[in-house]
Amino acid sequence: MSEMVPRSHPRYASLKTREKVVEGVEKGITGPNGLIAQGRGEALDYFIGEKTTSPGMDAERAAAAMLLLAERPVLSVNGNVAALVPQEMVDLARSIGAPLEVNIFYRTEERVQEIVNLLRSLGGETIFGEDPDSFIPGLDHARAKANHGGIYDADVVLVPLEDGDRCEALVKMGKKVITVDLNPLSRTAKTATITIVDNVVRAMPKLIELIEEMKSLSQEELAAITERYDNVDVLRRSVREMIQHLEGQFSEM
Ligand code: PTJ
């Protein structure tokens, strides 16, 4: 792709991200539905100006605080996340001492294995998903699979690009759910405890940076950040960001 599209191309970053998802499908890491999800994400990223917005930053900061306060945080990895930010997931897991769990929506054992192998090759240590031993209540068999010591027992779960039903089921289990979703109107966005309306390729490096910065804060300071956080307000502001960005498009023409 780098040979086909010059770095100077105005859409280089977006095209490179798209190419990673295509490569993920070719390698058996990402499911074919991942291409559709990526297309939807690209359109919404265009709406938001392909940048981290102020509400996105607020959600990232609250997510960093929540992960630092968590007793049993777990990072969930699906096919799109594995294609786009696998190293960042491994690095974040190491930084906060959390396990990774491969938890995919369109489950095939081959794809779970490919993702586990990829995470392992990048330095991932504790990785659940190959041998699920429990079920998330309220979901059908394949989509409910989880692990003790992983998502099943977690108090805080980071699940970027999650399906609405599963997000709801995790919240019903009493977990705090942090998601990354460019669609502020999705059921996941509305159900999660913290929704980062940002592209996962920008959100993950930012989250790692914030966690490093915020490790020096006290538990009280971190708790104050999560208590102040209002997810509905962040979603409203994210929609407003989109509207303003779109309205501003023709102002100079
Ligand atoms: O690997 P699997 O089987 O677990 O499948 C993963 C996907 C993402 C295909 C699956 O969970 C799915 O179908 O998800 P949805 O319901 O399409 O939701 C994905 C959400 O993520 C949508 O709201 C998209 O707008 C959003 N999205 C897509 N790409 C990105 C994104 N959000 C942030 N960053 C992206 N790059």
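When a ligand or atom number is given, it counts from 1 through the structure's own listing order.
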* Working for salt bridge (charged side-chain N to carboxylate O under 4.0 Å, His left out), residues Arg236 and Asp230 -> CA-CA 10 Å; Arg236 276 203 197 102; Asp230 178 344; 6.0 Å; no

* Going by an N to O cut-off under 4.0 Å, is there a salt bridge joining Glu209 and Lys206? -> yes

* Please verify whether a non-hydrogen atom of Gly31 lies at under 4.0 Å from ligand 1. => no

* State the atoms of ligand 1, each with its element, that fall below the 4.0 Å cut-off from a heavy-atom position in Gly34. => 9 (C)

* Structure fact -> atom 6 (C) of ligand 1: closest protein heavy atom, distance to 0.1 Å, is Asn78 ND2, 3.6 Å

* In the hydrophobic clustering that connects Ile, Leu, Val, Met, Phe, Trp and Tyr at side-chain heavy-atom distances below 4.5 Å, which members other than Ile151 occupy its cluster, ordered by chain and number? -> Val74, Ile136, Leu139, Tyr152, Val157, Val159, Leu170, Val171, Met173, Val177

* Asked: How close does the nearest protein non-hydrogen atom get to atom 5 (O) of ligand 1, and which residue and atom is it?
  -> Tyr106 CD1, 3.9 Å

* Asked: When you look at Phe47 and His245, which way does the ring-ring contact (aromatic ring centres under 6.0 Å, His included) test go after all the steps?
  -> CA-CA 7 Å; Phe47 285 5; His245 178 72; 8.8 Å; no

* Structure fact -> For atom 7 (C) of ligand 1, the closest protein heavy atom turns out to be Asn80 OD1, 4.1 Å

* Contact summary for Ile196 and Ala203, nearest pair of heavy atoms -> CG2-CB, 4.0 Å

* To do: May I ask you to decide whether Glu130 forms a salt bridge with Arg120, counting only side-chain N to carboxylate O separations under 4.0 Å?
  => yes

* Structure fact -> Ranked by distance from atom 28 (C) of ligand 1, the top protein heavy atom is Ala37 O, 3.0 Å

* Asked: Any donor-acceptor pair under 3.5 Å linking the side chain of Asn103 with the backbone of Lys145?
  -> yes

* Distance-only N or O hit between ligand 1 and Asp181, under 3.5 Å -> yes

* To do: Could you tell me whether Arg166 and ligand 1 have an N or O pair separated by under 3.5 Å?
  => no

* Contact (N/O only, under 3.5 Å) between Ile104 and ligand 1 -> no

* Asked: Would you say Asn33 has any N or O atom under 3.5 Å from an N or O of ligand 1, going by distance alone?
  -> no

* Asked: So which heavy atom in the protein is nearest atom 15 (P) of ligand 1, and how far is it from that ligand atom?
  -> Arg40 NH2, 3.7 Å

* With a 4.0 Å heavy-atom cut-off (strictly under), which part of Thr188 contacts ligand 1: side chain, backbone, both or neither? -> neither

* To do: Could you check Asp163, Leu161, Asn80 and say which one makes a side chain to side chain contact (heavy atoms under 4.5 Å, CB included) with Phe105?
  => Asp163

* Structure fact -> Per-atom filter on ligand 1: closer than 4.0 angstrom to a heavy atom of Gly79 are 1 (O)

* Please write down residue, atom name and distance for the protein heavy atom closest to atom 25 (O) of ligand 1. => Leu44 CD1, 3.5 Å

* Distance under 6.0 Å and angle within 45° of ring axis: Arg143 vs Phe135 -> no

* **Heavy-atom nearest neighbour in the protein, as seen from atom 27 (N) of ligand 1, with distance rounded to 0.1 Å** => Leu161 CG, 3.8 Å

* Asked: Is a salt bridge present between Asp165 and Arg187, judged by a nitrogen-to-oxygen distance below 4.0 Å?
  -> yes

* Do Leu182 and ligand 1 have an N or O pair less than 3.5 Å apart? -> yes

* Flag the pair Arg111 and Glu109 as a salt bridge only when some basic side-chain nitrogen lies within less than 4.0 angstrom of an acidic carboxylate oxygen. => no

* To do: Would you check the N or O atoms of Arg111, main chain and side chain alike, for any that come under 3.5 Å of an N or O of ligand 1?
  => yes

* To do: May I ask you to identify the nearest protein heavy atom to atom 33 (C) of ligand 1, giving residue, atom name and distance to one decimal place in Å?
  => Asp198 O, 3.4 Å

